[in-house]
S.K.: 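Quick one: this structure, given as structure tokens, is what I'll be asking you about.
Start at 1 with the first residue, then count along the sequence.
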Amino acid sequence: QVQLVESGGGLVQAGGSLRLSCAASGRTFSTYAMAWFRQAPGKEREFVAAITWVSGVTYSADPVKGRFTISRDNAKNMLYLQINSLKPEDTAVFYCAAREGPNSGSRYSPGSYPYWGQGTQVTVSS
């Protein structure tokens, strides 16, 4: 089991920045990749960015490229998401997720990640 706890969300004006954090504990040695997803009210959970835990290769969704940066600190078992140039349409609950192997489905699909945090709310005012 891997336990994930997000933090860093909040209320910010459009154009502002936030840094989300996700603390991982438990069987972290088995982690293959971690990701950030977000879910806006009335919408499905969508992929934001992912990173492979050992090599650090990153993947980002097109709407956030150039504004969101995913990173990790292996020694601290921490995952981060730096969010810049926030827009009102970025308002959502942001979740971190983890998976233990490359063969458990698409990295872009929520169903490929068995471990989830409780989420952190990001609200962007115009």
Side-chain angles (χ1 to χ4, degrees):
Q1 291 286 334
V2 177
Q3 291 79 44
L4 304 172
V5 179
E6 303 97 334
S7 61
L11 173 62
V12 63
Q13 289 188 331
S17 299
L18 284 174
R19 189 193 195 203
L20 306 184
S21 300
C22 175
S25 61
R27 287 174 49 93
T28 55
F29 61 86
S30 67
T31 299
Y32 168 74
M34 295 187 70
W36 288 98
F37 287 79
R38 65 183 179 183
Q39 188 166 17
K43 295 188 177 181
E44 294 186 351
R45 193 168 298 189
E46 65 174 359
F47 172 81
V48 173
I51 187 167
T52 54
W53 199 243
V54 174
S55 62
V57 177
T58 62
Y59 307 86
S60 297
D62 286 342
V64 307
K65 284 181 179 177
R67 297 192 299 125
F68 292 14
T69 303
I70 189 171
S71 63
R72 90 275 190 247
D73 184 329
N74 296 49
K76 296 181 179 180
N77 289 327
M78 293 293 296
L79 178 73
Y80 304 102
L81 185 69
Q82 178 67 41
I83 310 175
N84 298 326
S85 302
L86 278 159
K87 305 175 182 179
E89 52 264 42
D90 293 320
T91 295
V93 177
F94 282 71
Y95 298 90
C96 72
R99 63 178 188 159
E100 295 177 323
N103 299 319
S104 53
S106 167
R107 66 175 62 90
Y108 306 110
S109 172
S112 300
Y113 296 82
Y115 305 111
W116 291 85
Q118 82 288 351
T120 186
Q121 177 72 48
V122 172
T123 303
V124 185
S125 63
S126 57

S.K.: Restricting to non-hydrogen atoms, name the atom on G9 and the atom on V122 that form the minimum distance, rounded to 0.1 Å.
M.R.: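 Scanning both residues, the minimum pair turns out to be CA-CG2, 4.2 Å.
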
S.K.: I'd like to check R107 versus S112 (side-chain heavy atoms, cut-off strictly below 4.5 Å). Are they in contact?
M.R.: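 Not touching, per the 4.5 Å side-chain cut-off.
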
S.K.: Kindly give the heavy-atom pair with the smallest separation between L18 and G8, and that separation in Å.
M.R.: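 Shortest heavy-atom separation between L18 and G8 comes out as CD2-O, 3.7 Å.
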
S.K.: Please report the shortest heavy-atom distance between W116 and P110, naming the atom on each side.
M.R.: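 Nearest heavy atoms, W116 then P110: CZ2-O, 3.4 Å.
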
S.K.: Between V124 and Q13, is a side-chain contact (heavy atoms from CB on, under 4.5 Å) present by the stated rule, with each step listed?
M.R.: CA-CA 5 Å; V124 185; Q13 289 188 331; over 6 Å; no

S.K.: Check the pair V2 / M34 against side-chain contact (heavy atoms from CB on, under 4.5 Å), numbers first and verdict last.
M.R.: CA-CA 11 Å; V2 177; M34 295 187 70; over 6 Å; no

S.K.: So which heavy atom on P88 is nearest to which on A14, and how close?
M.R.: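 What the structure gives for the nearest pair is CD-CB, 4.1 Å.
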
S.K.: Treat each ILVMFWY residue as a node, draw an edge where side-chain heavy atoms are under 4.5 Å apart, and state whether V64 and F37 are in one component.
M.R.: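 V64 and F37: separate clusters.
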
S.K.: With rounding to the nearest 0.5 Å, note down the distance linking CZ in F47 to OG in S106.
M.R.: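 The distance works out to 8.0 Å.
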
S.K.: For V57, is there any backbone N or O sitting under 3.5 Å from a side-chain donor or acceptor partner on T52?
M.R.: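 Looks like yes, one N/O pair under 3.5 Å.
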
S.K.: When you compare the side chain of R72 with that of M78, does any pair of heavy atoms fall below 4.5 Å?
M.R.: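 Side chain of M78 against side chain of R72, heavy atoms only: no contact under 4.5 Å found.
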
S.K.: Rounded to the nearest 0.5 Å, what separation is found between the CD atom of Q39 and the CD atom of Q121?
M.R.: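 Rounded to the nearest 0.5 Å, the CD-CD separation comes to 11.0 Å.
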
S.K.: For V93 and G119, work out which heavy atoms get closest and say how close.
M.R.: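 The answer is CG1-CA, 3.8 Å.
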
S.K.: Are I70 and V54 in one and the same hydrophobic cluster, where Ile, Leu, Val, Met, Phe, Trp and Tyr link if side-chain heavy atoms are under 4.5 Å apart?
M.R.: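 I70 does not cluster with V54.
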
S.K.: Decide whether V48 and V12 are clustered together by the hydrophobic rule: side chain heavy atoms of Ile, Leu, Val, Met, Phe, Trp, Tyr closer than 4.5 Å, transitively.
M.R.: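 Yes, one cluster joins them.
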
S.K.: I'd like to know whether E6 forms a side-chain contact (heavy atoms from CB on, under 4.5 Å) with F94, so could you lay out the CA-CA distance, the side-chain angles of the two residues, the decisive distance to 0.1 Å, and finally the verdict.
M.R.: CA-CA 8 Å; E6 303 97 334; F94 282 71; over 6 Å; no

S.K.: Just so I know, are the side chains of R19 and I83 near enough to count as touching, which here means a heavy-atom distance under 4.5 Å?
M.R.: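 No - every pair of side-chain heavy atoms lies 4.5 Å or more apart.
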
S.K.: Look at D62 together with K65 and state whether they make a salt bridge at an N to O cut-off of under 4.0 Å.
M.R.: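 Yes.
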
S.K.: Under 4.5 Å between any side-chain heavy atoms of S71 and Q82, yes or no?
M.R.: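 A side-chain contact is absent here, since even the closest heavy-atom pair is not under 4.5 Å.
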
S.K.: Looking at Y95, does the NZ or CZ of R45 lie under 6.0 angstrom from its six-membered ring centre and within 45 degrees of the ring axis?
M.R.: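 Cation-pi check for R45 and Y95: passes.
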
S.K.: With a 4.5 Å limit on heavy-atom distance, are the side chains of L20 and Y80 in contact?
M.R.: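 No, their side chains stay 4.5 Å or more apart.
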
S.K.: Are more than 12 heavy atoms from other residues, nucleotides or ligands located less than 6.0 Å from atom CD of Q1?
M.R.: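 It does not: Q1 CD has 12 such atoms or fewer within range.
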
S.K.: State, with a plain yes or no, whether a side-chain heavy atom of T91 is found less than 4.5 Å away from one of L86.
M.R.: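 They are not in side-chain contact.
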
S.K.: Between L81 and Y115, is there a shared hydrophobic cluster once you connect ILVMFWY residues whose side-chain heavy atoms come closer than 4.5 Å?
M.R.: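 Per the 4.5 Å side-chain linkage, L81 and Y115 are co-clustered.
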
S.K.: Just wondering, do F68 and W36 contact through their side chains at under 4.5 Å, heavy atoms?
M.R.: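 Sidechains of F68 and W36: no contact.
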
S.K.: Are L79 and V5 joined in one hydrophobic group, where the rule is that I, L, V, M, F, W and Y side chains link up if heavy atoms are under 4.5 Å apart?
M.R.: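 In one cluster: no.
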
S.K.: Report yes or no: is the cationic atom of R99 (NZ for Lys, CZ for Arg) closer than 6.0 Å to the six-membered ring centre of Y113, at no more than 45° off its axis?
M.R.: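 Judged by the rule (NZ or CZ under 6.0 Å from the ring centre, within 45° of its axis), R99 counts as positioned above Y113.
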
S.K.: Under 4.5 Å between any side-chain heavy atoms of R38 and K43, yes or no?
M.R.: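 No - every pair of side-chain heavy atoms lies 4.5 Å or more apart.
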
S.K.: Do N77 side-chain atoms and A23 backbone N/O form a donor-acceptor pair below 3.5 Å?
M.R.: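 No, N77 side chain to A23 backbone: no donor-acceptor pair under 3.5 Å.
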
